[in-house]
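Scroll down for the structure; my scribbles are underneath it.
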Amino acid sequence: MNIKNNIINLRRIIPPSCKIVAVSKTHPVEKIREAYDAGHRIFGENRVQELTPKFEALPTDVEWHMIGHMQTNKVKYIVPFISLIHSVDRYNLLEEINKQGAKINRKISCLLQVHIAEEENKFGFSEDEILGLINSGAFSRFDYISVYGLMGLATFTDNMEQVRKEFKGLHVFFDRVKSMALPANVVMDELSMGMSGDYHIALEEGSTMVRIGSAIFGERH
Ligand SMILES: *Cc1c(COP(=O)(O)O)cnc(C)c1O
């Protein structure tokens with residue numbers, strides 16, 4: 001796997017308006033360093049236990065993104081440095097991120113994860129839950145949270161029409177939320193969708209952030 005070439009090739013295909021989050025989970029620091037040396041700065045991890053030591057091992061200008069389901073008791077370890085949490089999937093996680101952000105006086109940038117897949121085991125808010133959160137005024141209590149948009153994970157399937165339908169649906173919902181009267185700490189700028197196998201579809205359906213692992217670093221073992 002030539003990590004540098006993979007990044008250069010992806011950057012040719014993916015328009016500059018779309019950010020590439022290089023998903024480095026399970027890969028060692030040396031591999032991340034190769035991507036860093038090729039000029040890449042945005043990396044995504046899905047486990048706090050793995051993210052924290054990698055943050056410590058790499059230069060401070062790396063933008064670390066959390067993309068995986070989190071336990072509330074782990075939030076405190078990442079709030080000092082995390083650039084964006086894509087996987088805010090429930091109310092008590094919002095409460096905990098706000099609480100930990102308050103403790104160190106740092107506003108934490110978040111995306112709300114929306115459950116768009118057919119699978120039950122995937123995490124995320126329903127569309128109604130997000131509308132309810134916005135309309136209830138709940139966000140006015142979260143002084144240490146800034147919401148920048150939405151994230152979605154499509155169903156794990158070879159049926160690309162299914163995947164497209166889910167991405168399209170998320171984009172429609174994103175536009176709907178964007179057109180609402182939003183709390184001061186919520187904007188709809190970023191739509192995080194698409195991985196190695198489906199980013200081309202996600203781009204066609206309006207993604208502004210793709211999360212790409214194996215197409216950069218190779219298969220995970
Ligand atoms: C692992 C992971 C990715 C990247 O998956 P690839 O198929 O390797 O590109 C993207 N998003 C999330 C949430 C992940 O856990």
Side-chain angles (χ1 to χ4, degrees), residues 1-14 18-29 31-32 34-35 38 40-52 54-55 62-71 74-75 78 82-90 93 97 109-125 148-160 162-164 166-167 170-171 174 190-221:
M1 232 25 195
N2 187 323
I3 292 171
K4 182 178 179 181
N5 281 352
N6 291 343
I7 289 174
I8 291 170
N9 288 334
L10 283 168
R11 216 41 296 180
R12 279 203 197 105
I13 302 167
I14 297 169
C18 181
K19 297 189 182 93
I20 300 176
V21 179
V23 178
S24 48
K25 64 188 185 195
T26 77
H27 297 289
V29 166
K31 299 272 179 190
I32 306 176
E34 271 182 66
H40 200 79
R41 291 294 179 271
I42 308 178
F43 295 93
E45 290 280 338
N46 69 340
R47 291 169 66 239
V48 172
Q49 307 90 294
E50 200 176 332
L51 173 52
T52 311
K54 285 176 173 175
F55 158 72
V62 168
E63 245 191 59
W64 290 102
H65 290 202
M66 179 64 191
I67 61 168
H69 178 69
M70 291 176 74
Q71 289 171 274
K74 300 277 167 56
V75 169
I78 64 166
I82 201 77
S83 290
L84 184 65
I85 305 177
H86 293 229
S87 46
V88 179
D89 56 9
R90 61 198 191 278
L93 189 57
I97 294 168
S109 301
C110 298
L111 303 178
L112 303 176
Q113 183 173 349
V114 189
H115 188 278
I116 59 170
E118 275 183 350
E119 296 129 310
E120 288 293 330
N121 62 345
K122 292 227 164 116
F123 298 103
F125 291 102
Y148 285 101
L150 305 177
M151 182 271 234
L153 265 171
T155 303
F156 184 73
T157 171
D158 290 335
N159 180 352
M160 288 300 148
Q162 169 80 24
V163 170
R164 184 182 296 279
E166 292 170 1
F167 286 157
L170 184 58
H171 193 191
F174 175 83
E190 302 290 354
L191 184 53
S192 168
M193 56 185 198
M195 327 201 318
S196 296
D198 56 20
Y199 69 85
H200 47 290
I201 299 176
L203 285 172
E204 287 165 8
E205 301 304 337
S207 174
T208 69
M209 241 180 217
V210 288
R211 308 176 308 269
I212 300 189
S214 46
I216 293 174
F217 294 104
E219 292 305 319
R220 289 177 291 273
H221 303 292

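In listed order, ligands and their atoms are each counted from 1.
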Ring geometry between His86 and His65 (parallel below 30°, tilted from 30 to 60°, perpendicular above 60°): tilted
Heavy-atom contacts under 4.0 Å between Ile67 and ligand 1: side chain, backbone, both, or neither? both
Rounded to the nearest 0.5 Å, what separation is found between the CG atom of Leu84 and the CE atom of Met209? 5.0 Å
Give a yes or no on this: more than 12 heavy atoms of other residues, nucleotides or ligands lie within 6.0 Å of atom CG of Asp158. no
Among all the protein's non-hydrogen atoms, which is closest to atom 10 (C) of ligand 1, and how far away is it? Met195 SD, 3.3 Å
Quick one: sort the Phe174 and His171 rings into parallel, tilted or perpendicular, breaks at 30° and 60°. tilted
Please write down residue, atom name and distance for the protein heavy atom closest to atom 2 (C) of ligand 1. Lys25 NZ, 2.6 Å
Is the closest basic N to carboxylate O distance between Lys25 and Glu50 below 4.0 Å? no
With respect to Arg220, determine whether any N or O atom, backbone or side chain, lies less than 3.5 Å from an N or O atom of ligand 1. yes
When you check the side-chain N and O atoms of Thr157 and Gln162, is any donor under 3.5 Å from an acceptor? no
Near Ile212, which atoms of ligand 1 are under 4.0 Å from a heavy atom of that residue? 9 (O)
Tell me which part of His86 gets within contact of ligand 1: side chain, backbone, both or neither, using heavy atoms under 4.0 Å. neither
Counting from 1 in the order shown, the ligand 1 atoms closer than 4.0 Å to a non-hydrogen atom of Gly213 are 4 (C), 6 (P), 8 (O), 9 (O)
Atoms of ligand 1 under 4.0 Å from any heavy atom of Ser196, numbered from 1 in the order shown, are 6 (P), 7 (O), 8 (O), 9 (O)
Whether Glu34 and Lys4 form a salt bridge (side-chain N of Lys/Arg under 4.0 Å from carboxylate O of Asp/Glu) is what I want to check. no
Ligand-residue contact atoms, ligand 1 with Arg211, heavy atoms, under 4.0 Å: 4 (C), 9 (O), 10 (C), 11 (N), 12 (C), 13 (C)
